[in-house]
Amino acid sequence: MEETRTFADFGIHADIVAALEAHKITHPFPIQAMTLPVALDGHDIIGQAKTGTGKTLGFGIPILQRVTSPTDDGFATLEGAGKPQALAVAPTRELAVQVAQDLTRAAAGRGIRILTVYGGRAYEPQIDALNAGIEVVVGTPGRLIDLAEKGHLSLAHCRIAVLDEADEMLDLGFLPDVEKLLNMTPAGRQTMLFSATMPGAVVALARSYMTQPTHIRAISEDDSGQTVAAVEQFVFRAHAMDKVEMLARIMQARGRGLSIVFTRTKRTAAKVADELADRGFAAAAIHGDLGQGAREQALRAFRNGKVDILVATDVAARGIDVEAVTHVVNFQCPEDEKTYLHRIGRTGRAGATGVAVTFVDWDDLHRWVQINKALDLGIPDPEETYSSSPHLFSQLDIPEGTTGSLPRSSRTRAGLGAEHVEDIEGKPAGRPKGGLGNQAGRGQRKTGNRSASGGANKGESAPRAAKPRTERTTTTDGKVRRRRRRGGAANSSKTAAES
DNA sequence: AAAAAAC
């Protein structure tokens with residue numbers, strides 16, 4: 001049985017096996033088991049597997065296995081020694097950093113030098129590291145090209161090139177840069193493309209950059225959908241002005257764990273983070289208008305659990321792996337079904353369960369209809385969602401007395417902002433087990449458990465917004481600071497206009 | 001009325 005094979009059974013270097021074991025990674029996930037033999041033989045691969053199922057190591061282990069380390073025999077005589085032998089490109093800086101960290105962890109003891117090259121940071125450290133010599137470079141396109149054109153980075157000895165989130169990298173916005181980078185690498189290189197989403201047109205385009213690629217899809221037989229079954233999906237019809245209140249209630253009811261709130265614009269991300277902070281939640285924003293330092297600080301605070309709500313644009317939609325994320329809220333509908341899949345895939349990773357909630361207002365509606373159709377999610381006709389709908393409080397399982405009430409205006413006008421909730425996996429409507437406030441359960445983890453996610457009883461954790469003495473505020477540059485509480489209840493009935 | 005990615 002494939003599932004019972006260990007990494008050592010695949011002939012992986014003992015140092016890598018040991019490094020993986022140190023992180024409780026002993027058995028390959030399906031996408032890894034399927035790609036390893038092909039990738040280790042040097043073949044080109046188009047690898048597709050659902051979010052959170054181990055794609056990074058699917059290409060990371062072959063890279064580390066195939067690269068010649070300074071500690072290996074023959075390195076001294078290697079042509080282009082010290083110049084990158086492998087290149088991995090990602091669509092966002094934070095993802096590039098994360099991929100490099102994952103590779104670095106797996107490379108421990110192997111002596112391989114891994115460098116992250118990305119924008120928004122000083123040139124000197126990156127240039128210095130390149131001059132000192134590296135074996136693997138991970139980065140974002142702009143800075144990679146920049147350093148290459150300035151002569152600091154040579155890709156002439158990259159025998160391996162990987163596009164992470166490949167469909168995004170081959171999309172219009174990235175394609176020219178990606179093409180430029182690939183053209184800097186040698187013709188005979190091994191090319192590997194990975195993503196959870198691989199439209200047929202992208203596969204066709206991808207083939208023009210590859211040599212007889214093997215298309216590998218790790219998808220279980222009993223499962224035709226693209227969403228991760230462990231992510232329980234909800235949809236709320238909402239008025240724009242009620243969204244913040246709805247979000248606050250979900251955040252209060254959700255139990256312990258981390259949440260990512262996605263918006264479609266940078267401005268809304270900043271605003272929602274502010275609104276949550278005003279209500280006493282520990283929230284931080286991350287989006288492209290922030291300085292790189294603020295971006296990474298926000299993500300770091302989130303990973304630490306110092307901030308338990310990350311309000312993000314789609315900069316955080318792809319690849320970002322934070323184990324303790326139990327809830328994803330689409331405050332605004334994503335642009336397309338691919339983005340929807342990637343966003344909700346920030347939870348339910350590596351065997352864990354998660355909850356995804358999508359708010360749909362008039363502005364979102366055409367996007368939602370499109371997503372629902374493309375993914376065949378089985379949501380009833382949108383018109384149906386306007387009629388008879390369960391009460392928001394019962395849907396959110398929040399005792400009314402503890403949370404205050406919604407503004408009278410929305411109650412009388414629209415029967416409470418959220419008019420409908422549907423379990424889109426086809427189970428009976430109403431509250432499924434646990435519901436929105438459920439502490440998402442953890443499956444068998446491949447990595448060590450975070451203490452933050454352990455030991456929480458379902459729905460028992462106190463609401464974060466319960467009248468703290470001080471409250472956190474997220475400023476527009478992403479910094480989180482403490483300040484004296486303003487007067488007034490933590491749960492005001494204040495709503496925010498979308499604008 | 002999108003985001004992201006170099007300076």
Side-chain angles (χ1 to χ4, degrees), chain A residues 87-99 116-127 130 137-153 155 163-182 184 195 197 240-241 243 260-272 285-296 298-299 310-320 330-343 346 359-368 370-371 478 496-499:
Chain A
L87 163 73
V89 192
T92 66
R93 296 162 181 175
E94 288 75 14
L95 182 54
V97 169
Q98 179 187 290
V99 167
T116 322
V117 164
Y118 60 106
R121 288 289 189 200
Y123 281 88
E124 294 75 30
Q126 296 175 13
I127 293 170
L130 287 167
V137 63
V138 184
T140 48
R143 181 63 70 89
L144 284 167
I145 291 171
D146 191 359
L147 292 186
E149 287 180 340
K150 286 178 172 143
H152 300 292
L153 167 67
L155 298 177
L163 303 184
D164 196 10
E165 306 297 344
D167 57 322
E168 174 79 355
M169 303 312 295
L170 295 173
D171 200 42
L172 264 47
F174 278 115
L175 186 59
D177 280 352
V178 167
E179 196 165 350
K180 197 180 281 188
L181 280 170
L182 290 179
M184 297 177 187
S195 183
T197 50
M241 63 177 293
K243 282 181 171 180
I260 304 182
V261 177
F262 283 106
T263 66
R264 219 162 36 71
T265 68
K266 294 176 276 197
R267 219 183 109 193
T268 305
K271 197 192 68 187
V272 170
I286 185 167
H287 56 76
D289 276 352
L290 299 177
Q292 191 55 30
R295 284 169 57 161
E296 289 178 38
L299 188 54
L310 188 67
V311 187
T313 59
D314 286 324
V315 70
R318 282 178 178 257
I320 297 303
N330 289 315
F331 191 88
Q332 297 171 305
C333 257
E335 283 295 316
D336 55 39
E337 72 279 4
K338 294 199 299 293
T339 309
Y340 178 80
L341 287 170
H342 288 283
R343 280 185 180 184
R346 294 319 94 209
F359 293 166
V360 180
D361 67 14
W362 274 111
D363 189 50
D364 298 311
L365 192 56
H366 68 283
R367 296 187 184 88
W368 176 253
Q370 183 55 39
I371 291 164
E498 267 291 292
S499 152

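All values reported here derive from a predicted model rather than from experimental measurement. Proteins get letters first, then strands, A, B, ... in listed order; numbering begins at 1 in each.
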Asker: Rounded to the nearest angstrom, tell me the gap between atom CG in A:Leu95 and atom P in B:dA5.
Answerer: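 In whole Å, B:dA5 P lies 11 Å from A:Leu95 CG.
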Asker: Let me know the distance between CZ of A:Phe262 and P of B:dA2, rounded to the nearest Å.
Answerer: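 After rounding, the reported distance stands at 18 Å.
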Asker: With sequence neighbours excluded, tell me which residues meet side-chain contact (heavy atoms from CB on, under 4.5 Å) with A:Gln292.
Answerer: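 Per chain and number, A:Gln292 pairs via side-chain contact (heavy atoms from CB on, under 4.5 Å) with A:Arg93, A:Glu94, A:Tyr118, A:Arg121, A:Arg295, A:Glu296.
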Asker: Return the value, rounded to whole Å, for the distance between atom CZ of A:Arg343 and atom C1' of B:dA3.
Answerer: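 Atom-to-atom, A:Arg343 to B:dA3, this comes out as 10 Å.
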Asker: OP1, OP2 of B:dA6 versus side-chain N and O of A:Arg93: anything below 4.0 Å?
Answerer: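 Affirmative; the distance criterion is met.
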Asker: Could you tell me the separation between the CG atom of A:Asp171 and the C1' atom of B:dA5, rounded to a whole number of Å?
Answerer: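 My rounded result for the distance is 13 Å.
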Asker: Check the phosphate of B:dA6 against A:Thr140, side-chain N and O only, distance under 4.0 Å to OP1 or OP2. Yes or no?
Answerer: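 A:Thr140 to B:dA6 OP1/OP2: side-chain N or O found under 4.0 Å.
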Asker: Please give, in whole Å, the distance from B:dA2 P to A:Asn330 CG?
Answerer: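 Taking CG of A:Asn330 and P of B:dA2, I get 17 Å after rounding.
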Asker: Just the rounded figure in Å: distance from P of B:dA4 to CG of A:Leu144.
Answerer: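 Spelled out: CG on A:Leu144 to P on B:dA4 is 18 Å.
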Asker: Salt bridge check, A:Asp314 against A:Lys338: does any charged N sit closer than 4.0 Å to a carboxylate O?
Answerer: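 No, A:Lys338 and A:Asp314 are not salt-bridged.
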Asker: Determine: side-chain N/O of A:Thr339 to OP1/OP2 of B:dA3, distance under 4.0 Å, yes or no.
Answerer: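 No, because none of the side-chain N or O atoms of A:Thr339 sits under 4.0 Å from OP1 or OP2 of B:dA3.
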Asker: B:dA5, B:dA2, B:dA3: which one has an atom nearest the side-chain heavy atoms of A:Glu168?
Answerer: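 Closest of the options to the side chain of A:Glu168: B:dA3.
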Asker: For A:Asp177, which residues count as a side-chain contact (heavy atoms from CB on, under 4.5 Å) partner, sequence neighbours excluded?
Answerer: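 Result, side-chain contact (heavy atoms from CB on, under 4.5 Å) vs A:Asp177: A:Pro141, A:Ile145.
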Asker: Taking atom P of B:dA3 as reference, at what distance in whole Å does atom NZ of A:Lys266 sit?
Answerer: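 In whole Å, B:dA3 P and A:Lys266 NZ are 5 Å from each other.
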Asker: Could you give the CD-to-P distance, from A:Gln370 to B:dA2, as a whole number of Å?
Answerer: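 Roughly 18 Å, once rounded to whole Å.
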Asker: Quick one: which of A:Asp364, A:Asp363, A:Asn330 gives a side-chain hydrogen bond (donor to acceptor under 3.5 Å, both in side chains) with A:Arg264?
Answerer: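 Single side-chain hydrogen bond (donor to acceptor under 3.5 Å, both in side chains) partner of A:Arg264 among A:Asp364, A:Asp363, A:Asn330: A:Asp363.
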